[in-house]
Amino acid sequence: MTPPTPWPSALPLTTPRLHLEPLRVEHAPEAVETFGDTRLHTWIGGAPRTLTELEARYGRQVEGRSPDGTQGWLNWMSRRTSDGRLIGTVQATLERPTDDHLEASLAWVVGVEHQGRGYGREGALAMAGWLREQGVDKLTAYIHPGHEASIGIARALGLSATSVLVDGEVRWTDANTQPGTPSGTGVA
């Protein structure tokens, strides 16, 4: 039996204004502050997590794959290069529907006080470009229909809305393929 193909591992990425660092459990104390505003959860759901909850979550995510190995998890923390401040995250959940086909479901979050400056777009574009270099041939995202900022990012990535609605979110994709169900965003 041939062993499964390993998943790509997140590597540091740099844009003109951001440094995308592969997720580490040690990011949790900063993340509690960056993602602790309840207004942020209007779009992403849930409530702010405690330090203990984030450490546990990040501990799972840094494994780089789902427990059963069927998904690859790539998570980056977005840090402003001008002052080193943590401002958000970008994520990709990878799946191989066939041996020669690699798909990524994308997600991005920018802390409330850092929104409206194009950081989400810049980080998502860097991640998507890197994913393409790794052989990803299909990108998708799931976005609440009222979240104009995320819709703008999806459009910047070349994604188009589909008629598929999952848990109140519209499926956006860059491929003319049959709609499917979401694979998640690597946020176990």
Do P48 and F35 have side chains that approach each other closer than 4.5 Å (heavy atoms only, starting at C-beta)?
no
Tightest non-hydrogen contact, residues P22 and A10, listed as CG-O, 3.5 Å
Rounded distance [0.5 Å steps], CZ in R155 versus CZ in R121
13.0 Å
Out of curiosity, L94 CG to T70 OG1, how far, rounded to the nearest 0.5 Å?
11.5 Å
Between D37 and R39, is there a side-chain N and carboxylate O pair less than 4.0 Å apart?
yes
How far apart are the closest heavy atoms of Y119 and H114, and which atoms are they?
CD1-O, 3.3 Å
Taking all non-hydrogen atoms of both residues into account, name the closest pair between L86 and S78 and its distance.
CD1-O, 3.4 Å
What's the verdict on side chain to side chain contact (heavy atoms under 4.5 Å, CB included) for T140 and T173, showing C-alpha distance, side-chain angles and the deciding distance?
CA-CA 4 Å; T140 60; T173 184; 3.6 Å; yes
Checking the side chain of S105 only, and the main-chain atoms of A92 only, is there a donor and an acceptor separated by less than 3.5 Å?
no
Between CZ of R49 and NE2 of H41, what distance do you get to the nearest 0.5 Å?
8.5 Å
From H147 atom NE2 to T42 atom OG1, the distance as rounded to the nearest 0.5 Å:
9.0 Å
Atom pairs and distances, donor-acceptor, side-chain atoms in residues 26-33, under 3.5 Å, two or more places apart:
unit_1	atom_1	unit_2	atom_2	d
H27	ND1	R24	N	2.9
H27	ND1	R24	O	3.3
H27	NE2	E21	OE1	2.7
E30	OE1	R79	NH2	2.9
E30	OE2	R79	NH1	2.9

Heavy-atom side-chain proximity of W172 to I151 below 4.5 angstrom:
yes
Can L131 and L106 be said to form a side chain to side chain contact (heavy atoms under 4.5 Å, CB included), step by step?
CA-CA 10 Å; L131 289 168; L106 310 180; 3.5 Å; yes
Quick one: does Q115's side chain have a donor or acceptor within less than 3.5 Å of a partner on V110's backbone?
yes
One pair to check against side chain to side chain contact (heavy atoms under 4.5 Å, CB included): W108 and L157. What are the steps and the verdict?
CA-CA 12 Å; W108 46 84; L157 293 170; 3.8 Å; yes
Is NZ or CZ of R96 both nearer than 6.0 Å to the six-membered ring centre of W7 and within 45° of the ring axis?
yes
Any side-chain heavy atom of H19 sitting closer than 4.5 Å to one from P12?
yes
Given side chains that start at C-beta, do those of Y142 and R171 come closer than 4.5 Å, heavy atoms only?
yes
Tell me if a side-chain donor or acceptor on T89 pairs with a main-chain N or O of W76 at a distance below 3.5 Å.
yes
Please report the interatomic distance CG(L18) to CD(E122), rounded to the nearest 0.5 Å.
4.5 Å
